[in-house]
Amino acid sequence: MLFNNFETAKRDFAIFSKKVSTKQNVLSKRHAIMKKNHAEFRAKVNKRFNTYSK
């Protein structure tokens, strides 16, 4: 492999890995938000059902 091709491949891989890590961060944040919303929803539902069962 020529040196220029190697440098280009190294640069392209750096760009690719940065995009992947950015996407993973976005997904993990979205997952945390969904988990929080789901917990709040479950708490509301449980509270409502607990008042009916008393």
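Throughout, numbering of the chain's residues begins at 1 and tracks the sequence. Hydrogens, waters and symmetry mates play no part in the numbers below; they use all other heavy atoms, side chains included.
Partners of K10 by salt bridge (charged side-chain N to carboxylate O under 4.0 Å, His left out), not counting sequence neighbours, listed by chain and number: E7.
Going from atom NE2 of H31 over to atom NE2 of H38 covers 10.5 Å, rounded to the nearest 0.5 Å.
In the hydrophobic clustering of ILVMFWY residues, with side-chain heavy atoms under 4.5 Å counting as a link, M34 and V26 come out apart.
Residue pairs meeting the salt bridge (Lys or Arg N to Asp or Glu O under 4.0 Å) criterion with at least one member in residues 23-38, sequence neighbours excluded, are K36-E40.
Side-chain contacts under 4.5 Å among hydrophobic residues (ILVMFWY), followed directly or transitively, place L27 with no other residue at all.
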